[in-house]
Enquirer: 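Got a structure for you, written out below as structure tokens; questions coming shortly.
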Amino acid sequence: MSTETQKETLGFQTEVKQLLHLMVHSLYSNKEIFLRELISNASDAAEKLRFEALEKSDLYEGDSDLKIRISFDKEAKTVSIEDNGIGMSREEVIDHLGTIAKSGTASFLNNLTGDKSKDSQLIGQFGVGFYSAFIVADQVDVFTRRAGAAITDAVHWSSRGEGEFTIASTEKAGRGTRIVLHLKDGEEEFADSWRLRSLVRKYSDHIAFPVMMEKEAMPSADDEEETKDVKQAPEFESVNSATALWTRSKGDVKDEEYKEFYKHISHDYSDPMTWSHNKVEGTLEYTSLLYVPEHAPYDMWNREAPRGLKLYVQRVFIMDQADQFLPLYLRFIKGVVDSNNLSLNVSREILQKDPNVDKLRSALSKRVLDMLSKLAKDTEKYAAFWKEFGQVLKEGPAEDYANKEKILKLLRFASTHTGNTEQSVSLEDYVSRMKEGQEKIYYVVADNYNTAKSSPHLEIFRKKGIEVLLLTDRIDDWMMSQLFDFEGKSFQDVTKGELNLGEVESEEEKKQQEETAKQLESLLERLKPVLEQRVSDVRVTHRLTDSPACLVLNDYDMGMQMRKIMEAAGQKVPDTKPIFEVNPEHPLIVKLDQEADEARFADLAMILLDQADLAAGGQLEDPAAYTTRLNKLLLELSA
Ligand code: ADP
Ligand code: MG
């Protein structure tokens, strides 16, 4: 028994305490996952050692046979998980197992709702890790020695998972980490060979290192006698298949195995939505296994949040979160890329310069887009995908010019055709429904679905039965400003420019419109000076059927939504005035034309302008003036 020195007691960081409490209480129904988490960590530790040993082979200390060993003691009610991986120094133990919460813990905790079932789903996404040991154990001991450190420089960490832990220096002959779980009363079932073996097979079969367990003794009478007399060294055998999953051929890997592997690499414990596994040979040689998660991570909008793939070179783990291999708009993809073209000593800096990285990035982007196109064939599944990741994908057309067409096909919109808020219409659907003679893809952008749907600009489209896409996400105005056409059909914001429905309107209709416009010329001349301050022009329109007037922008003006976003962000926006369009058929416009009293004419004109502004989702600059004018007219009406 070695003596322990430099023993101290430290408190867990507040966030760690909260996390521990939450985990123990919300994961109770899925407690067996602790084993997967600890094996996953042991495997990470073995990979890290192999990586560091590329440059410093001494770290192997003559033992390069990396493995994980699980043992148990029924009497003592303990289960141990041991690895001969990289191990931890005293500082590392303190940092990783106690004081510094995993990055993102604080923001994770802020996302909790207090609703048990929702929160336990969230914790699944967050990844439970080492602390899951406390779901089944009321005391956890960690004995660890970093590879290369002296035998006397080992560390013993111990905690009951409440508020604090102790840490002491000790001796450990073998490098790496041994974790001893003292099972809680009622959790004795885990100190059992059959139970542990089946859990290893269920959750950790894909681990690239052998997971060893003591060979079952043959229950023959002779054997029993023998073991009583001579104490034999136990024989161990591997319980898992111990080959890196992505190196196996597709046909040999079961769906369940793909799912478990996903959980191992993503620290997510929900199943993935779909995946794509590819082996490519030739000048660019790589294997990739890419997953679409089921849920967006809570930090998807945090630019600093870790993202990227796990990078391997010739099956040797190189780094986590290598973010050079996928564009930003695909940041939600998890997975592994194993390259044969990169050198084993790549660093993040080298990655930035290596031309193979660009090639891989473009190949992997295509893989992901193909995987999504495939997913899109299942409408229901794709709808679920779109809900989670649609907004991120909308960054794609601008970021990834080469794949623009592919990305456009993956976009989904709400539209006047479906009559519900669901974003389910693809551009291909839209084009297939275009009216004879229709040349453009029409859309409107607004803050919300109702404003978009009831926009006066849609009136003529409704009358003609032309579909209009209804865009309401914050990113939409910006995204549309990056798009020009889809399959040769240009995009047209219905609130911009002069309305031209092309051949959907007959020559006769066009002629008649010109006539009515002529008749209202004097009205336009009267309106211009009255509204001059706020509009750049006044003209007659035939885009309206029910509303008296509307506001439109010039084709190249910044859209209303983008304007608002930029203003809110304190940015300067160009000072452009909209165009005021009046509906010659509307009784209010006819009445306005006949109004002889100039003061009343001006009031009515201003009210119509303010209303057009409101209908477009705008905010009145002077709402009080609007109300005063309106009330004046109402009083006259009742007089
Ligand atoms: P994660 O695996 O997501 O990083 P964990 O909570 O599972 O989070 O583990 C926290 C950290 O503790 C790991 O990142 C690692 O640095 C360290 N660690 C855990 N188990 C081991 C081990 N067996 N060997 C070496 N380091 C370990
Ligand atoms: Mg872990």
Side-chain angles (χ1 to χ4, degrees), residues 12-13 15-20 22-24 27 33-53 59 66-70 79-105 108 123-135 137 140-149 153-159 161 165 167 172 174-181 203-204 206-209 211-212 260-269 297 299 305-308 310 317 319-321 334:
F12 283 121
Q13 198 193 36
E15 278 88 6
V16 174
K17 263 190 261 178
Q18 279 173 280
L19 201 62
L20 263 169
L22 188 77
M23 187 150 26
V24 171
L27 291 182
I33 57 149
F34 77 90
L35 191 66
R36 172 185 82 200
E37 294 299 328
L38 299 178
I39 293 177
S40 176
N41 286 349
S43 157
D44 288 349
E47 285 191 325
K48 282 182 205 160
L49 173 63
R50 198 158 62 180
F51 175 67
E52 286 193 18
L59 291 179
L66 301 176
K67 51 177 163 254
I68 299 160
R69 182 180 279 189
I70 299 178
V79 173
S80 304
I81 296 96
E82 188 172 4
D83 65 69
N84 57 353
I86 191 73
M88 285 177 274
S89 67
R90 190 179 178 108
E91 286 68 42
E92 285 169 328
V93 171
I94 294 177
D95 282 357
H96 298 318
L97 308 184
T99 43
I100 300 185
K102 260 206 302 214
S103 69
T105 308
F108 161 75
I123 197 164
Q125 287 179 55
F126 180 72
V128 288
F130 170 78
Y131 298 117
S132 63
F134 289 103
I135 305 175
V140 177
D141 286 288
V142 178
F143 302 89
T144 186
R145 174 165 74 79
R146 200 166 201 297
D153 272 347
V155 185
H156 174 199
W157 178 100
S158 179
S159 176
F165 60 92
I167 186 157
K172 187 170 182 294
R175 62 147 196 274
T177 305
R178 183 171 81 248
I179 296 178
V180 182
L181 310 179
Y203 291 117
S204 311
H206 57 79
I207 292 292
F209 302 95
V211 177
M212 314 291 287
E260 282 311 323
F261 184 70
Y262 165 76
K263 294 172 190 174
H264 167 61
I265 57 159
S266 67
H267 306 280
D268 176 352
Y269 96 92
D299 54 2
R307 63 197 149 78
K310 232 174 147 87
F317 168 74
M319 66 178 81
D320 274 313
Q321 290 143 12
K334 302 269 171 70

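What you are looking at is a predicted structure, and each value in this text was computed from that prediction instead of being measured. The analysis underlying the following values was restricted to heavy atoms, covering all of them including side chains, and did not include hydrogens, waters or symmetry mates. First listed ligand is number 1; within each ligand, the first listed atom is number 1.
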Enquirer: Parallel, tilted or perpendicular: which describes the rings of Trp157 and Phe12, with under 30° parallel and over 60° perpendicular?
Expert: tilted
Enquirer: Which is it for Asp83 and ligand 1 at heavy atoms under 4.0 Å: side chain, backbone, both or neither?
Expert: side chain
Enquirer: Does Ile86, backbone or side chain, put an N or O under 3.5 Å from an N or O of ligand 1?
Expert: no
Enquirer: Which pairs with one or both residues in residues 80-90 pass salt bridge (charged side-chain N to carboxylate O under 4.0 Å, His left out), sequence neighbours excluded?
Expert: Glu8-Arg90
Enquirer: Which atoms of ligand 1 have any heavy atom of Gly129 under 4.0 Å away?
Expert: 5 (P), 6 (O), 7 (O)
Enquirer: Ignoring hydrogens and geometry, is there a side-chain-to-backbone donor-acceptor pair from Ser89 to Arg146 under 3.5 Å?
Expert: no
Enquirer: Would Tyr131 and Val16 count as a side chain to side chain contact (heavy atoms under 4.5 Å, CB included) if you check the C-alpha gap in whole Å, the side-chain angles of each, and the deciding distance to 0.1 Å?
Expert: CA-CA 9 Å; Tyr131 298 117; Val16 174; 3.5 Å; yes
Enquirer: Has Ser40 got an N/O/S atom less than 2.8 Å from the Mg ion (ligand 2)?
Expert: no
Enquirer: Would the distance check show the side chain of Arg175 and the main-chain N or O of Asn84 forming a donor-acceptor pair, the cut-off being under 3.5 Å?
Expert: yes
Enquirer: Which option wins on minimum heavy-atom distance to atom 7 (O) of ligand 1: Asn41, Leu38, Ile39?
Expert: Asn41
Enquirer: Tell me which part of Ile179 gets within contact of ligand 1: side chain, backbone, both or neither, using heavy atoms under 4.0 Å.
Expert: neither
Enquirer: Atoms of ligand 1 less than 4.0 Å from Leu97 heavy atoms?
Expert: 12 (O)
Enquirer: Have a look at His267, Arg178, His96 and point out the one with the heavy atom closest to atom 17 (C) of ligand 1.
Expert: His96
Enquirer: In terms of relative ring orientation, are His264 and Phe261 parallel, tilted or perpendicular, with 30° and 60° separating the classes?
Expert: tilted
